[in-house]
Number of protein chains: 2
Amino acid sequence: MNRNGCPIGTETGIAVPEPDNKKLKKSSMRWSPRALPTMDDVAKVTGFSQMTVSRAFLQSAPIKEETRKRILKAATKIGYYHNKAASSLASQRTRAFGIILPTLQDSIYVSFVDAARQVFEDQGFDHLLQTIDYTRGREMHAIGSLLSQRARAILLPSIGHTPETRKLLQTLPIPMIEIGNIPSHPIHYAVGHSDADAGYLATRRLLEIGRRNIGIICGVASETSNARSRLRGYCKALEETGFEIDLKLQAQVEHTIESGLAGLDRLLKANAKLDGIVIGGEIWTSAVILRLLASVRRIPDDIAVVGIGEVELGPYLPVPLTYVALPRREAGTKSAELAVKLIRGEDVSEAVIKLPVTLVIGGTA
Amino acid sequence: MNRNGCPIGTETGIAVPEPDNKKLKKSSMRWSPRALPTMDDVAKVTGFSQMTVSRAFLQSAPIKEETRKRILKAATKIGYYHNKAASSLASQRTRAFGIILPTLQDSIYVSFVDAARQVFEDQGFDHLLQTIDYTRGREMHAIGSLLSQRARAILLPSIGHTPETRKLLQTLPIPMIEIGNIPSHPIHYAVGHSDADAGYLATRRLLEIGRRNIGIICGVASETSNARSRLRGYCKALEETGFEIDLKLQAQVEHTIESGLAGLDRLLKANAKLDGIVIGGEIWTSAVILRLLASVRRIPDDIAVVGIGEVELGPYLPVPLTYVALPRREAGTKSAELAVKLIRGEDVSEAVIKLPVTLVIGGTA
DNA sequence: CTGTTAGCGCATTCAT
DNA sequence: ATGAATGCGCTAACAG
């Protein structure tokens, strides 16, 4: 900082700094590959045998603590990194789990991944992250990649398996742990919640505060299982209270904000007396609320709104969001713990772990 | 769907479905591990030698197309998956790149990762994703993990290397490609943009529409290099126009919405005539704009706002966002292409690829 | 185009 | 607690 309170540094603008790197031949910017040291190299340096060096890197091997320290120090010094390919080939196993995510896009799975990662790391395991971006074809690709890397188990979203895929997944040699909406017939194991419960809880809230014309915006039921489940919970709540199901109150939309807003417009146009909305997906929540406010509807006076799933902006919206919280983080922890137990050959009491969804009351309903 | 337009399915509620899995002993839910087939197994089934099976899985190996097809079909049938550990051990190389992300949280890096992944996949490479959640200690952990997996190059954010880390990174045996704000002294290679340019462009816009008391909300300059750069660009624009730098117009805040809003409040309190704000981070953008509107300021009439970085909600805010777009996706593509070229031993013309930032004009400024 | 031989870097098993 | 021999599953280099 200079006295004006602004950082001192290179000029802003067109100038681009030159790298000052010794391993780059200045003239040609070509990278010269270098081979990494092996355990034999570390052995030679320390005077121990290759086997003892190996022991220094293993979890529980008989080795004197001082020896281990000496070896690890020497290894660091010469730039040795434990070769996992060789290690897992020799030991006939890896210490890695796979995680498949539908998308990185709407950061829904962030807390899930974070929680799972923490468990794996604490237990000395790696995790291999794959994304499929809601593309069916990429799911098998991701699984293939993880199996090629000999992941010990795979955590994957429960959404969107076709019956054929499901059959194929059944036969896989490692445990598949489905996350999110618990499927009616899990492949192997499942950890998550019931999206039907979530839809039910959201709709119940609106009914309880006296709403009678309740619409829902959600994904396309024929395509995604969680949209199907949320819609089912919505219908159940309505029917329980003696309301008729009205298709005009359902907007099944694509997974984009634009599409969600179009769905909202359809709902408003087709239902003059609309007084409640369930927003069945984080991606649409903020935009729908802002659009409602922009159209001079008061929330919750004119229209009450309940979201499904937490959104970061929720507490900072003009009216703080009322929503059904889904147990993402807990699912991450529980599923990772389950995975670890399984590959340890431990007995697990349940193949399905169902976590509760909870209503968080803000100001929108 | 039934005639009422709602999905038919299992009851909502407490009931949890039982898995119908043959590989699970019903009584104990314990997983029985199975060994995966090897190339020898495939060889036996097809009648070819193990080496020919190997060729069927190699990128460019002399093998009759019909033979390859037969082998691949048999492999699929018996559930063989190419063993990457053995493969890379034998071939003395992997086909994997590492990507390190600061966080999955604010989905800033989604388009970057997506673009990079696409390049890698097209070229037949894997990618290994690691997250460090802005924690310094985890960076070396992530790099170590990637080196253990023998990644051929690493794409990593340019933010937040301490001088010591930087020195260590210099000596690594594989190319490090820094992404995002281009550092003044890249470790090896860098692909990205200038955050100083971004700050400059945002501030210029506010000056050009006649604003005279322009504040900035950004990260803590002493901690993150991109906050430092953005602040520098902001100062440069002001000084160019002959304005004094005023510390009261700078809010350096933590990477949370809460903290950003507190910063906004400080700016408003300390500067009665504040008529422009640069929001130097996606995480704060939507919340700051909503708070301004809630406090009965008109945008842009009372206060004009320019964001740095695109936000998904931008077009759907009460006033559509004016912002400086950062080349995330292009950086993903370019950096992945660079990585591939490097490990192919190809010559690259530049060690630093600087991509332009552009002003996208909405309604907030 | 296909088969044979050797060995990648490490962990297992058995010695000491 | 340490070392020696052996082989994990695959690919490189050669032969045919």
Side-chain angles (χ1 to χ4, degrees), chain A residues 33-72 74-75 78-96 124 126 147-152 173, chain B residues 33-72 74-75 78-96 124 126 147-152 173:
Chain A
R34 288 191 304 153
L36 287 172
T38 71
M39 281 189 180
D40 275 317
D41 297 322
V42 182
K44 258 172 218 122
V45 171
T46 57
F48 289 100
S49 70
Q50 176 264 314
M51 190 56 237
T52 300
V53 175
S54 173
R55 288 194 177 96
F57 284 91
L58 293 178
Q59 299 268 304
S60 58
I63 184 173
K64 199 162 32 167
E65 195 47 41
E66 195 210 316
T67 308
R68 162 173 273 142
K69 284 227 175 76
R70 288 232 315 265
I71 289 178
L72 291 182
I78 68 169
Y80 172 80
Y81 291 87
H82 193 211
N83 185 331
K84 270 176 186 143
S87 170
S88 56
L89 183 59
S91 68
Q92 301 273 66
R93 78 182 90 174
T94 67
R95 291 190 64 77
D126 285 321
L147 283 167
S148 281
Q149 294 176 75
R150 295 303 186 261
R152 304 290 300 279
Chain B
R34 288 191 305 155
L36 288 172
T38 71
M39 281 189 179
D40 274 317
D41 298 322
V42 182
K44 259 172 216 119
V45 171
T46 57
F48 288 101
S49 71
Q50 179 264 320
M51 188 59 231
T52 300
V53 174
S54 174
R55 288 195 178 96
F57 284 90
L58 263 26
Q59 299 268 304
S60 58
I63 183 174
K64 200 165 28 169
E65 195 46 42
E66 195 210 317
T67 308
R68 161 173 272 143
K69 283 226 175 76
R70 288 231 317 265
I71 290 178
L72 291 181
I78 68 170
Y80 172 80
Y81 291 87
H82 193 210
N83 185 331
K84 271 178 186 142
S87 169
S88 57
L89 184 59
S91 68
Q92 300 271 64
R93 77 182 89 182
T94 67
R95 290 190 64 79
D126 285 320
L147 282 168
S148 281
Q149 294 176 74
R150 295 303 187 261
R152 304 291 299 279

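In what follows, chains carry the letters A, B, and so on, assigned in the order in which the sequence lines appear, proteins first and then strands, with residues in each chain numbered from 1. Side chains are part of it too, since the values below use all heavy atoms of this structure and drop only hydrogens, waters and symmetry mates. Just so you know, these numbers come straight off a predicted model, no measurement behind them.
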- Query: So which pairs with a foot in residues 83-96 of chain A pass side chain to side chain donor-acceptor pair (under 3.5 Å), sequence neighbours left out?
  - Reply: A:K84-A:D126
- Message: Can you tell me whether the side chain of A:R55 and the base of D:dG3 have a donor-acceptor pair closer than 3.5 Å?
- Response: yes
Rounded to the nearest Å, what distance is computed from the [atom1] atom of residue [X] to the [atom2] atom of nucleotide [N]?
X     : N      : atom1 : atom2 : result
B:L58 : C:dC1  : CG    : P     : 15 Å
A:N83 : D:dC10 : CG    : P     : 16 Å
A:K84 : D:dG9  : NZ    : C1'   : 20 Å
A:F48 : D:dT2  : CZ    : P     : 6 Å
B:Q59 : D:dA12 : CD    : P     : 11 Å
A:F57 : C:dC10 : CZ    : P     : 9 Å
A:D40 : C:dC10 : CG    : C1'   : 9 Å
B:R95 : D:dC10 : CZ    : C1'   : 16 Å

- Looking only at heavy atoms, the pair that brings B:G79 and B:L36 closest together is O-CD2, 4.3 Å
- Could you say whether B:I63 or A:R93 is positioned toward the 5' end of DNA chain C, judged by the nucleotide with the nearest heavy atom to each? B:I63
- Item | Residue closer to the 5' end of DNA chain C, A:A85 versus B:T52 (nearest nucleotide) | B:T52
- Task: Indicate, with a heavy-atom threshold strictly under 4.0 Å, whether B:S88 touches base, sugar-phosphate, or nothing.
- Result: nothing
- Query: Can you check whether B:T46 reaches B:R70 side chain to side chain, under 4.5 Å on heavy atoms?
  - Reply: no
Kindly say if [X] contacts the phosphate of [N], meaning a side-chain N or O under 4.0 Å from OP1 or OP2.
X     : N      : value
A:S49 : D:dT2  : no
A:Y80 : C:dC10 : yes
B:S87 : D:dC10 : no

- Could you walk me through whether B:M39 and B:H82 pass the side chain to side chain contact (heavy atoms under 4.5 Å, CB included) check? CA-CA 8 Å; B:M39 281 189 179; B:H82 193 210; 3.7 Å; yes
- Query: Within the side chain of B:R55, is there an N or O that forms a donor-acceptor pair under 3.5 Å with the backbone of B:R68?
  - Reply: no
- Task: Just do the side chain to side chain contact (heavy atoms under 4.5 Å, CB included) check on A:V45 and A:V42 with the steps written out, would you?
- Result: CA-CA 5 Å; A:V45 171; A:V42 182; 5.7 Å; no
- Could you tell me which residues satisfy ring pair (Phe, Tyr, Trp, His ring centres under 6.0 Å) with B:Y80, sequence neighbours excluded, listed by chain and number? B:F57
Close N/O contacts between protein and nucleotides 5-8 of chain C (under 3.5 Å):
residue: C:dC8; atom: O3'; partner: B:Q92; partner atom: OE1; Å: 2.8
residue: C:dC8; atom: O3'; partner: B:Q92; partner atom: NE2; Å: 3.4
residue: C:dC8; atom: O2; partner: B:A90; partner atom: N; Å: 3.3

